[in-house]
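What follows is one structure encoded as structure tokens, with my remarks underneath.
Computation of the quantities below employed the complete heavy-atom set of this structure, encompassing side-chain atoms and omitting hydrogens, waters and symmetry-equivalent molecules.
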Amino acid sequence: MKFFTQILKNNDCYKAGKTFIPRGVMIHSTGANNPHLSRYVPGNDEIGRNTGGNHWDMSGTTACVHAFVGKLADGSVGVVQTLPWNRRGWHAGKGSCGSANDTHISFEICEDGLQDAGYFSAVYQAAVELTADLCKQYGLDPEVDGVVICHSEGHAREIASNHADVMHWFPIHGKSMDTFRADVTRVMEGEEEMTQEQFDKFMDNYLARKAKEEASQPWEQDVIRRAKEAGISDGGRPRSPGTRVENMAMVLAAVGK
């Protein structure tokens with residue numbers, strides 16, 4: 001997870017100076033088709049720079065969360081912390097039972113058009129990792145009722161205003177807050193899901209290692225000798241997995257085709 005800090009000290013929420021004891025994490029999404037973090041923070045070369053003068057580090061901004069998850073300047077996904085974790089945010093509104101502003105750390109996932117599975121997968125994973133880190137830091141159990149919730153769940157609990165996020169987005173990609181909480185728990189327990197990049201690297205290392213192994217058993221050496229004499233193999237990489245085309249070539253050589 002690429003992590004940056006840009007505390008929004010000009011935001012009225014920060015200047016209010018109120019603190020709280022975090023008892024949970026609330027997940028939001030921005031509700032606007034703009035996945036770039038620089039829309040919400042002043043930015044820098046790595047994050048990207050806000051050129052529209054519409055970021056949240058300004059007086060008169062009536063909302064503030066503790067972090068944003070979205071695209072960096074290079075198109076990859078990262079996290080920007082925007083409030084100290086124990087600073088009371090302005091993110092939930094309130095309901096008849098109070099306000100999650102008084103209990104929950106908050107972050108926004110920057111929405112795109114909601115259909116890009118690759119982008120969703122990246123921000124979902126970053127959000128899982130961020131939530132896991134926060135739960136570890138504050139001794140929170142994500143599986144305990146009410147600890148890790150989204151804005152819409154907060155509204156159902158009457159501690160937040162009536163917003164749909166994130167349940168208008170997660171189900172499109174086969175996720176829910178239940179799967180989110182389970183994924184946070186798995187990361188906290190050290191069972192982080194392997195990424196495609198990690199899997200590819202693992203396989204490359206495995207295949208390279210197998211390619212260097214020698215055939216040490218007498219029966220293997222006999223098979224290699226006979227295969228070379230028959231002209232169906234050069235005897236190389238004896239312990240490597242064979243591809244379908246390699247197998248085809250050997251079968252054709254064996255039958256003289």
Side-chain angles (χ1 to χ4, degrees), residues 1-4 35-37 45-46 69-79 109-110 112-133 135-136 141-143 148 166 169-257:
M1 179 175 63
K2 298 177 182 178
F3 188 89
F4 302 85
H36 299 284
L37 290 164
D45 288 343
E46 292 179 283
V69 179
K71 281 189 178 182
L72 299 164
D74 64 2
S76 64
V77 164
V79 175
I109 305 175
C110 298
D112 62 349
L114 306 185
Q115 303 301 317
D116 186 334
Y119 175 71
F120 176 81
S121 178
V123 292
Y124 178 88
Q125 183 63 26
V128 165
E129 293 175 11
L130 173 60
T131 304
D133 286 347
C135 286
K136 287 180 180 179
D141 184 346
E143 296 289 357
V148 174
V166 295
W169 188 10
F170 278 28
I172 295 173
H173 300 282
K175 298 293 186 180
S176 68
M177 283 303 298
D178 287 335
T179 63
F180 185 87
R181 285 183 279 266
D183 288 336
V184 170
T185 298
R186 185 174 63 249
V187 169
M188 291 178 68
E189 293 175 349
E191 300 178 14
E192 185 173 350
E193 184 177 349
M194 184 179 290
T195 67
Q196 185 65 49
E197 183 179 3
Q198 291 169 329
F199 176 80
D200 290 347
K201 185 175 182 179
F202 172 85
M203 285 302 300
D204 287 343
N205 290 339
Y206 170 76
L207 293 172
R209 188 170 67 252
K210 298 301 288 185
K212 294 177 181 178
E213 289 185 9
E214 299 292 337
S216 58
Q217 298 298 317
W219 71 267
E220 293 176 313
Q221 294 171 353
D222 182 58
V223 168
I224 292 170
R225 177 186 59 78
R226 288 190 291 149
K228 290 171 70 175
E229 290 175 353
I232 60 175
S233 174
D234 62 4
R237 300 183 296 113
R239 292 284 184 84
S240 291
T243 65
R244 286 175 59 85
V245 70
E246 287 174 329
N247 293 336
M248 292 176 197
M250 286 188 288
V251 169
L252 290 171
V255 299
K257 297 293 187 180

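Judged by distance alone, the side chains of K2 and S76 do bring a donor and an acceptor atom under 3.5 Å apart.
Two residues are said to be in side-chain contact when any heavy atoms from C-beta on lie closer than 4.5 Å; E46 and L72 fail this criterion. Counting only heavy atoms from C-beta outward, the side chains of D141 and C135 never approach each other to under 4.5 Å. By the 4.5 Å heavy-atom criterion applied to side chains, W169 and D112 are counted as neighbours. Considering only heavy atoms from C-beta on, F180 comes within 4.5 Å of V128 through its side chain.
Note that the OG atom of S233 and the CD1 atom of I224 stand 7.5 Å from one another [nearest 0.5 Å]. To the nearest 0.5 Å, atoms CD (E129) and OH (Y124) are separated by 11.5 Å. Rounding to the nearest 0.5 angstrom, the gap separating the CZ atom in F170 from the CD1 atom in I109 is 4.0 Å. Within the model, atoms CG of D183 and NZ of K175 stand 5.0 Å from one another, a figure rounded to the nearest 0.5 Å. Between atom CD of residue Q115 and atom NE2 of residue H173 there is a gap of 6.0 Å, rounded to the nearest 0.5 Å.
Residues A132 and V187 share a closest heavy-atom pair of CB-CG1, 3.7 Å. Between V79 and A126, the shortest heavy-atom distance links the atoms CG2-CB, 4.4 Å. Between M177 and V166 the shortest heavy-atom distance is SD-CG2, 3.9 Å. Of all non-hydrogen atoms in V77 and A122, the two that sit nearest each other are CG2-CB, 3.6 Å.
Partners of K136 by side-chain contact (heavy atoms from CB on, under 4.5 Å), not counting sequence neighbours, listed by chain and number: M188.
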For V69 and C110: C-alpha separation, side-chain torsions, deciding distance, then whether side-chain contact (heavy atoms from CB on, under 4.5 Å) applies.
CA-CA 6 Å; V69 179; C110 298; over 6 Å; no
Take E143 and V184 through the test side-chain contact (heavy atoms from CB on, under 4.5 Å) and record every step on the way to the result.
CA-CA 9 Å; E143 296 289 357; V184 170; over 6 Å; no
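A donor-acceptor contact shorter than 3.5 Å is absent between the side chain of R237 and the backbone of K212. The main-chain N or O of G118 is never found under 3.5 Å from a side-chain atom of S121 such that the two would form a donor-acceptor pair.
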